[in-house]
Amino acid sequence: MTLSRSADSVVVLDFETTGLSPNQGDRAIEIGAVKLVNGEVVDQFQQLMNPGFRVSSFIEGYTGISNNMLRTAPPCNEVMDAFADFIGDANLVAHNASFDQRFLDAELADIGRHYTGTFTCSMLIARRLYQHAPNHKLGTLVDFKHIEHNGVFHRALADSEMTARLWLVMLEDIKRQYNLHTVSFELMMKLAKTPKAKIDTLFHRYA
DNA sequence: TGCCAGGCCCTCTTTAGGGCCTT
């Protein structure tokens, strides 16, 4: 049962894409991910991919990924096939996971691959844990929690690394605040869906 | 042709609207 696994053994991932919705024809242009085992980074994945059409100037400016960089990148199907091998049966974390899940589902469906892990969302959890943060954008939370970073934003590996560090900080904050020795992935999934007024009740059931 | 995301979450809510977050 994958949900009973410790929450510090997951794959944290981030997509850069041509836009906001695969239903509108948008495609992935970069995937970045780090694999955590017992809270340590044991592997990482980063690859640009050619979506088969030119990306907008907005996306070039937003991500720093140019059409020239994508021209020589391997196609999405090759990259996503390798990425499906990378994630294996791990549980998955992303910041605003509904976005990344839509693209992962769409790109893997294109090549007939599947994953067996379960997604949860660092943003939904951060909204519950850090209700006094200025906002819950990834970059803001990294500053709010004084998490080290290299200044690179909106690139897939850099964002997945920052999300992973935020994830581990949230686990430590939960353990300290609620006096827990371990935190399961299932507990984090429940936290992401628990109304703010009932968070203490949730943790007391696990204490 | 013209349109164009989608889910969460709050509130002056639930017969709804709008901000937040992701690219």
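Checking the phosphate oxygens (OP1, OP2) of dC10(B), a side-chain nitrogen or oxygen of Lys196(A) falls inside 4.0 Å. Distances shorter than 4.0 Å separate none of the side-chain N or O atoms of His95(A) from OP1 or OP2 on dC21(B). The phosphate of dC21(B) has OP1 or OP2 within less than 4.0 Å of a side-chain N or O from His136(A).
Formation of a donor-acceptor pair under 3.5 Å by the Ser56(A) side chain with backbone atoms of Ile59(A) is found in this model. A donor-acceptor contact shorter than 3.5 Å links the side chain of Thr18(A) to the backbone of Arg27(A). Put simply, the side chain of Thr120(A) never gets that close to the backbone of Val93(A): no donor and acceptor are under 3.5 Å apart. A donor-acceptor pair is defined here as one N or O able to donate and one able to accept, closer than 3.5 Å; no such pair exists between the side chain of Glu107(A) and the backbone of Leu104(A).
With respect to the salt-bridge test (charged N to carboxylate O, under 4.0 angstrom), the residues Glu30(A) and Arg155(A) qualify.
One interatomic measurement links the two molecules: CG of Asn67(A) to P of dT23(B), which rounds to 18 Å at whole-angstrom precision. One interatomic measurement links the two molecules: CD of Gln101(A) to C1' of dC21(B), which rounds to 15 Å at whole-angstrom precision. Rounded to whole angstrom, the span from the CD atom of Glu30(A) across to the C1' atom of dT22(B) amounts to 15 Å. For Leu166(A) and dT22(B), the CG to P distance is 11 Å, given to the nearest whole Å. Between Arg102(A) atom CZ and dC8(B) atom P there is a gap of 10 Å when expressed in whole angstrom units. As rounded to whole Å, 15 Å separates atom P of dC8(B) from atom CZ of Phe119(A). Rounded to an integer number of Å, the gap from CD of Gln131(A) to C1' of dC10(B) is 12 Å. Rounded to whole Å, atom C1' of dT22(B) lies 15 Å from atom CG of Asp105(A).
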Give the table of side-chain donor-acceptor pairs shorter than 3.5 Å for residues 72-87 of chain A, with sequence neighbours excluded, one pair per line with atom names and distance.
{"residue": "Asp81(A)", "atom": "OD1", "partner": "Arg113(A)", "partner atom": "NH1", "Å": "2.6"}
{"residue": "Asp85(A)", "atom": "OD1", "partner": "Arg113(A)", "partner atom": "NH1", "Å": "3.3"}
{"residue": "Asp85(A)", "atom": "OD1", "partner": "Arg113(A)", "partner atom": "NH2", "Å": "2.9"}

Ignoring hydrogens and angles, write down the donor-acceptor pairs under 3.5 Å from the side chains of residues 133-140 of chain A, residues two or more places apart or on other chains.
{"residue": "Asn135(A)", "atom": "OD1", "partner": "Lys137(A)", "partner atom": "N", "Å": "3.0"}
{"residue": "Asn135(A)", "atom": "OD1", "partner": "Thr140(A)", "partner atom": "OG1", "Å": "2.8"}
{"residue": "His136(A)", "atom": "NE2", "partner": "Tyr130(A)", "partner atom": "O", "Å": "2.8"}

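Taking atom P on both nucleotides, dG7(B) is separated from dC3(B) by 23 Å, rounded to a whole Å. Taking atom P in both dG2(B) and dC21(B), the straight-line distance is 35 Å, to the nearest Å. For the P atoms, the distance from dC12(B) to dG19(B) is 15 Å, rounded to whole Å. Here the separation of dC20(B) from dT1(B), taken at their P atoms, is 37 Å to the nearest Å. Of the C1' atoms belonging to dG17(B) and dT13(B), the separation is 9 Å, rounded to the nearest Å. Comparing dC4(B) with dG18(B), their P atoms are spaced 15 Å from each other, to the whole Å.
Taking the six-membered ring where the residue is Trp, Tyr62(A) and Phe58(A) present parallel rings, their angle staying beneath 30° rather than reaching 60°.
Contacts between residues 8-29 of chain A and DNA chain B, defined by a heavy-atom separation under 4.0 Å, are made by Asp14(A), Phe15(A), Glu16(A), Thr17(A), Gly19(A), Leu20(A), Ser21(A), Asn23(A), Gln24(A).
At the heavy-atom level, Asn135(A) lies under 4.0 Å from the strands shown only through sugar-phosphate atoms.
The listed nucleotides are dC8(B), dC21(B), dT23(B); the one nearest the side chain of Leu124(A) is dC8(B). Closest contact between the side chain of Phe99(A) and the listed nucleotides dC21(B), dC9(B), dT22(B) involves dT22(B).
For the pair Lys193(A) and Thr63(A), nearest-nucleotide mapping onto DNA chain B gives the more 5' position to Lys193(A).
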